[in-house]
Participant: 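So that we are looking at the same thing, I have put the structure below in structure tokens.
What you see below is based on every heavy atom in this structure, not just the backbone, and it leaves out hydrogens, waters and symmetry mates. Throughout, a chain's letter reflects where its sequence line sits, starting with A, and its residues are numbered from 1.
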Protein chains: 2
Amino acid sequence: MISTIDTVLLRIAGHELQVLLWQRPADSRAWPGAWALPGGWVSEDRDQSLEQATCRILEQKAGLKPDYIEQVATIGNRQRDPNGWSMTVLHLALIRFSASESTHQDTRWVAVDAVRDQSLPLAFDHAKLLEKALERLSTKARYSTLPLYLAETELKLPELQRIYEIVLGNPLHKRAFRERILSAGVLEDTGVRIQGRGSPATIYRYQPDCAVRLFDRMMQGAMGEAIDE
Amino acid sequence: MISTIDTVLLRIAGHELQVLLWQRPADSRAWPGAWALPGGWVSEDRDQSLEQATCRILEQKAGLKPDYIEQVATIGNRQRDPNGWSMTVLHLALIRFSASESTHQDTRWVAVDAVRDQSLPLAFDHAKLLEKALERLSTKARYSTLPLYLAETELKLPELQRIYEIVLGNPLHKRAFRERILSAGVLEDTGVRIQGRGSPATIYRYQPDCAVRLFDRMMQGAMGEAIDE
DNA sequence: TCAATAGTGTCTCTAAGACACTATGAA
DNA sequence: TTCATAGTGTCTTAGAGACACTATTGA
């Protein structure tokens, strides 16, 4: 059976988490004209590996190179595609706003909430796939520096905290947040201070190719909850 | 391209973590007679979903029904199979010793260490796949009740602690371990006390279909380490 | 008798959570 | 002047780690 790759590519725009969608051609057999996650088939000729295929497809569909890509799950069953058995390897990808403009006419950044409240229906089971990827992101945000890839490479700590809060969906304690992030050792003080309303804000920098760092405790939210997975 | 499913099925026997292996037929084109992870092709006719296919293949290859199954990753590239591009959905499965006897002649339980020190080479990239699944297990053992599925449904706490220690590869503090596990609320006191050498041991029970419970802190080991994933 | 065993008491340490506080400059 | 902002001080609390201790019984 033929396998595809689908990617949930996310960015932060303003105070909103957005997902990159791709519009299916008007003459598609299934879901013509519908919005969908950018995806495609693995090519035995052109692709060396799944990882490389994921990058190729994103480059092709949207002309974008994410700052972070991770496999979420592989979903395969008889129901998800009207044409019968189909299988897709789902990925979560993150990109910072300043690198996220796509020149492709058939792509669009859409607020994640617009898909969640079903004001924008997606093709196939892509709404479910989006949900899975978002759950992965918010789970990891509770114990890692993963959301850092949504931030610009030079940033103020309160900015990063806002990104975490958008991803987690709840406010965080400033004191604990600062402590955590700084102790992770991924942020370097640039020495620059910016005067806004309050005390001068410290500008930090991270390396775009830095590894995700894990904490030994979860942040906030309900703990010890039962999960299915 | 055709996709397969491979499963790392684990059990605890004595003080050893063991993996179920399956011997490839002597007339296979690739790796004849070699030991491999139990796996097989997804069947568009017989299978409804990947999950169901995973169970079918395990049932067929070994006649076993694991107490727990989880997807680990999907690996696909040009190198892993001498016949060219191939892709496999890797699973981690756990089974308690008392339910782990396989009647199939071409399967064998093998100490994980025997594969790790390369005294038993595996077919294809299966040694790497095993490593990936083991890493998932030991990571989750640090913050969840996952290893419980390796224990009998009625158990003493020191027994469970030994299982955790085998999985993690290092000793744990008795006090902290008891506190953690009991506070998770998955173990029910049967009321039975067994007299051994020391004080009477409390026998606890868990429901084999219970959900994995997560803790809000990691147990032991190096924290805040960089990871690639 | 002695060593292995199951279990408890209790102290320390770390990091999260909570809240108050200062300093600053834009509206 | 007022208020939004960046940042610090410090107290409390929960749970992990460390260690000592009891009680019991098989070898």
Participant: Residues in side chain to side chain donor-acceptor pair (under 3.5 Å) with A/Thr202, at least two apart?
Facilitator: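 Checked A/Thr202 against side chain to side chain donor-acceptor pair (under 3.5 Å); zero matches.
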Participant: How many whole angstroms separate atom CD of B/Glu159 from atom C1' of C/dA4?
Facilitator: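 So the two atoms are 16 Å apart, to the nearest Å.
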Participant: Who passes side chain to side chain donor-acceptor pair (under 3.5 Å) against A/Asp113, sequence neighbours left out?
Facilitator: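 If we apply the side chain to side chain donor-acceptor pair (under 3.5 Å) test to A/Asp113, skipping adjacent residues, there are no hits.
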Participant: Does anything in residues 190-207 of chain A reach DNA chain D, meaning a heavy atom under 4.0 Å, and if so which residues?
Facilitator: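 Residues of residues 190-207 of chain A that come under 4.0 Å of DNA chain D are, in numerical order, A/Arg197, A/Gly198, A/Ser199, A/Pro200, A/Ala201, A/Thr202.
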Participant: Holding to side chain to side chain contact (heavy atoms under 4.5 Å, CB included), I want the full list of residues that pass it with A/Glu154, two or more places apart in sequence or in another chain.
Facilitator: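 Listed in chain order: A/Thr190, A/Ile203, A/Arg205.
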Participant: Without decimals, in angstroms, what is the distance between B/Leu172 CG and D/dG17 P?
Facilitator: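 The distance from CG of B/Leu172 to P of D/dG17 comes to 8 Å, rounded to the nearest Å.
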Participant: Over how many whole Å does the gap from B/Arg162 atom CZ to C/dA4 atom P extend?
Facilitator: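 It works out to 14 Å between those atoms.
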Participant: A/Arg108: which residues meet the side chain to side chain donor-acceptor pair (under 3.5 Å) condition with it, sequence neighbours left out?
Facilitator: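 If we apply the side chain to side chain donor-acceptor pair (under 3.5 Å) test to A/Arg108, skipping adjacent residues, there are no hits.
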Participant: How long is the line joining OH of A/Tyr143 and C1' of C/dA15, in whole Å?
Facilitator: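 In whole Å, C/dA15 C1' and A/Tyr143 OH are 19 Å from each other.
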Participant: Does the pair A/Arg56 and A/Gln52 meet the rule for a side-chain hydrogen bond (donor to acceptor under 3.5 Å, both in side chains), with working shown?
Facilitator: CA-CA 6 Å; A/Arg56 175 186 58 77; A/Gln52 190 255 295; over 6 Å; no
Participant: Between P on D/dA20 and NZ on B/Lys174, what's the gap in Å once rounded to a whole number?
Facilitator: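 Roughly 13 Å, once rounded to whole Å.
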Participant: With the side chain of A/Pro158 defined as its heavy atoms from C-beta on, choose the nearest nucleotide among D/dG7, D/dG15, C/dG17.
Facilitator: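 Minimum distance to the A/Pro158 side chain belongs to D/dG7.
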Participant: Quick one: B/Arg217 CZ to D/dG17 C1', roughly how many Å, whole number?
Facilitator: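 Computing the B/Arg217:CZ to D/dG17:C1' distance gives 11 Å.
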Participant: Pull out every protein N or O sitting under 3.5 Å from an N or O of nucleotides 11-13 of chain C, one pair per line with the distance.
Facilitator:
none

Participant: Using a distance-only criterion (donor-acceptor N/O pair, under 3.5 Å, no hydrogens), is the base of C/dG9 paired with the side chain of B/Arg175?
Facilitator: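 When only heavy-atom distances are counted, B/Arg175 does reach the base of C/dG9 through a donor-acceptor pair under 3.5 Å.
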Participant: Going by the rule ring-ring contact (aromatic ring centres under 6.0 Å, His included), which residues pair with B/His126 if we only count those two or more places apart in sequence or in a different chain?
Facilitator: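 Expected list: B/Phe124.
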Participant: State which residues pass side chain to side chain contact (heavy atoms under 4.5 Å, CB included) with B/Glu16; sequence neighbours excluded, sorted by chain then number.
Facilitator: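 Checked B/Glu16 against side chain to side chain contact (heavy atoms under 4.5 Å, CB included); matches are B/Gln18, B/Ala111.
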Participant: Any N or O donor-acceptor pair under 3.5 Å from the base of C/dA16 to the side chain of A/Arg180?
Facilitator: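 In this structure, the two groups form no donor-acceptor pair.
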Participant: What pairs with A/Tyr204 under ring-ring contact (aromatic ring centres under 6.0 Å, His included), at least two apart in sequence or on another chain?
Facilitator: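 Residues passing ring-ring contact (aromatic ring centres under 6.0 Å, His included) with A/Tyr204: none at all.
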Participant: What pair of heavy atoms forms the shortest contact from B/Thr74 to A/Leu50, and how long is it?
Facilitator: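 Between these two residues, the closest heavy atoms are O-CD1, 3.4 Å.
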Participant: Which residues in residues 145-157 of chain B have at least one heavy atom lying under 4.0 Å from any atom of DNA chain D?
Facilitator: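 DNA chain D contact set from residues 145-157 of chain B: none.
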Participant: I'd like to check the side chain to side chain contact (heavy atoms under 4.5 Å, CB included) partners of A/Ser144; sequence neighbours left out, ordered by chain and number.
Facilitator: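 Partners of A/Ser144 under the side chain to side chain contact (heavy atoms under 4.5 Å, CB included) test: A/Lys140, A/Leu146, A/Val212, A/Leu214.
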Participant: Please report, rounded to the nearest Å, how far the P atom of D/dG7 is from the CD atom of A/Glu179.
Facilitator: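 Taking atom P of D/dG7 as the reference, CD of A/Glu179 is at 13 Å.
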Participant: Under the side chain to side chain contact (heavy atoms under 4.5 Å, CB included) rule, collect the residues that match up with A/Ala99, sequence neighbours excluded.
Facilitator: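 With sequence neighbours excluded, A/Ala99 shows a side chain to side chain contact (heavy atoms under 4.5 Å, CB included) to A/Ile95, A/Arg96, given in chain and number order.
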Participant: Does B/Arg180 qualify as a cation-pi partner of B/Phe215, given the criterion of NZ or CZ under 6.0 Å from the six-membered ring centre and within 45 degrees of its axis?
Facilitator: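 Yes, a cation-pi geometry holds between B/Arg180 and B/Phe215.
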Participant: Just how far, in rounded Å, is C1' of C/dA16 from CD1 of A/Ile181?
Facilitator: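 These atoms are roughly 14 Å apart.
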Participant: Which nucleotide wins on minimum distance to the side chain of A/Arg178, given the candidates C/dG7, D/dG7, C/dG17?
Facilitator: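 Among C/dG7, D/dG7, C/dG17, the one nearest the side chain of A/Arg178 is D/dG7.
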